[in-house]
Amino acid sequence: MVPLSWYLIVSFCLFGIGLVGFLIRRNLIMLLLSIEIMLNAVNLSLVALGHYLQDIRPQVIALFIIGCAAGAVAVGLILLVITYRNKATLKVDEFNLLRED
Amino acid sequence: MVLQGLFLYFALMILGTGILGITQKNPVKSLLWILLTFVHLGGLYLLLNAEFLAVVQIIVYAGAILVMFLFVIFLLDLKEEEKGEVFLKSWQLRVWAILLLVFFLVIGGLNYKIFYQGPYTIEFIEKEGHSKALGLVLFSDYVYPLILLGFILLVPLIGIGIMLFGRKTNGSS
């Protein structure tokens, strides 16, 4: 029997990987993809806790997270396409619309 | 023993392909590595007796969402984007800070105590069927959030229509 803490450790490490990818990559597509990794890590944590606490409601919440992620990705990708058409780049450190100088 | 071996295989593949995925220079390659991560996450759901979620994970995430990313990458023609640095400046500091966060999270996970035992035991789910048990909860207790989720999935459709067709083009596009 696999203990619960192993699943939690895998979930937290995957969340850390997604957060690192969100904070250090320059490409806007990779930022959206890192958000997906973080959502999956949270899903894994929810399902593991639901299995060990013998409840099924966390899996319902995981299904809702998957649905909301699909909507969020659609909005994010369309914003990305419009940004690429306006600025002709996807590097996040070259977006300086709100900078003062 | 077999379960632990399977778990270790899935866990190592998830973490390894995740790290490979966020460090690739080419977005298509990194997307394919992350697709492998999500398929292995589906395997981990199978180990947790959540077979419906495992199938949804593989169909919806690996089959729909990541393919949507792939189409957008093909649409954008990112030859110029691959030149230059992959990471932002001062990325080492951020990696160390997140490693500290993960360290504290792992300590918290190791000290977690199971405090509650719900009615959905493994025998109950095996007798009822996982999809039936999940569907009964989803369509009785969570029916209003489900309708709300339908509206949430309707909003991107309207948003895409407004943003793409209601926008003035400046001729270059």
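Order of the sequence lines sets the chain letters (A, B, ...), proteins ahead of strands, with each chain counted from 1.
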Worksheet item: Is it the side chain or the backbone of A/Leu32 that comes within 4.5 Å of chain B heavy atoms, both, or neither?
Response: both

Discussion item. Could you tell me if the side chain of B/Leu146 sits less than 4.5 Å from the side chain of A/Val60, heavy atoms only?
Written reply: no

Discussion item. When you measure from the side chain of B/Arg94 to the backbone of A/Val20, do you find a donor-acceptor pair of N or O atoms at a distance under 3.5 Å?
Written reply: no

Response to the item:
Distance col, row B/Leu44:CG vs A/Asn43:CG, nearest 0.5 angstrom, shows 12.0 Å

Worksheet item: So what's closer than 4.5 Å to chain B heavy atoms on A/Ile78: side chain, backbone, both or neither?
Response: side chain

Worksheet item: From B/Glu85 CD over to A/Asn27 CG, what is the distance, rounded to the nearest 0.5 angstrom?
Response: 13.5 Å

Worksheet item: Are any of the side-chain heavy atoms of B/Gln4 and A/Met1 separated by less than 4.5 Å?
Response: no

Worksheet, complete the sentence: When every non-hydrogen atom of A/Gly67 is compared with those of B/Leu153, the smallest separation belongs to O-CD2, 3.5 Å

Discussion item. Classify the ring geometry of B/Tyr142 against A/Phe64: parallel below 30°, tilted from 30° to 60°, perpendicular beyond 60°.
Written reply: tilted

Discussion item. Contact between A/Gln54 and B/Tyr116 at the side-chain level, heavy atoms closer than 4.5 Å - yes or no?
Written reply: no

Practice prompt. Nearest 0.5 Å please: distance from the CG atom of A/Leu14 over to the CG atom of B/Leu41.
Written response: 6.0 Å

Worksheet item: Checking heavy atoms, do the side chain of B/Lys113, its backbone, both or neither come under 4.5 Å from chain A?
Response: neither

Practice prompt. Please tell me if the side chains of A/His51 and B/Ile122 come closer than 4.5 Å, counting only heavy atoms from C-beta onward.
Written response: yes

Practice prompt. State, to 0.1 Å, how close A/Ala69 and B/Tyr61 come at their nearest heavy-atom pair, and which atoms those are.
Written response: CB-OH, 3.3 Å

Worksheet item: Which distance, rounded to the nearest 0.5 Å, do you find between the CD1 of B/Ile114 and the CG of A/Leu4?
Response: 5.5 Å

Discussion item. Please tell me whether B/Gln57 and A/Asn40 have a donor and an acceptor in their side chains that are separated by less than 3.5 angstrom.
Written reply: yes

Worksheet, complete the sentence: Smallest heavy-atom separation, B/Ala11 atom then A/Val10 atom, equals CB-CG2, 3.5 Å

Item to complete: With the side chain counted from C-beta on, respond yes when A/Leu77 and B/Val72 share a heavy-atom pair under 4.5 Å apart, and no when they do not.
Response: yes

Practice prompt. Count the heavy atoms belonging to other residues, nucleotides or ligands that lie under 6.0 Å from CH2 of A/Trp6, then report whether that count exceeds 12.
Written response: yes

Fill in: Atom pair CZ/CZ of A/Arg26 and B/Phe87 - distance to nearest 0.5 Å
11.5 Å

Worksheet item: Can you name the closest pair of heavy atoms from B/Pro156 and A/Gly71 and give their distance?
Response: CG-O, 3.6 Å

Worksheet item: Which is it for B/Phe38 and A/Glu36 under the side-chain contact (heavy atoms from CB on, under 4.5 Å) test, yes or no, and what are the steps along the way?
Response: CA-CA 10 Å; B/Phe38 287 173; A/Glu36 293 303 306; 4.1 Å; yes

Worksheet item: Does any non-hydrogen side-chain atom of A/Leu63 lie less than 4.5 Å from one of B/Leu134?
Response: yes

Worksheet item: Which value, rounded to the nearest 0.5 Å, describes the distance between B/Ile22 atom CD1 and A/Leu33 atom CG?
Response: 10.5 Å

Discussion item. Less than 4.5 Å to any heavy atom of chain B: does that hold for the side chain of A/Phe22, its backbone, both, or neither?
Written reply: neither

Discussion item. Ignoring hydrogens, what is the shortest heavy-atom contact between A/Met30 and B/Gly21? Give both atom names and the distance.
Written reply: CE-O, 3.7 Å

Practice prompt. State whether the number of non-hydrogen atoms from other residues, nucleotides or ligands found under 6.0 Å of B/Phe103 atom CZ is greater than 12.
Written response: no

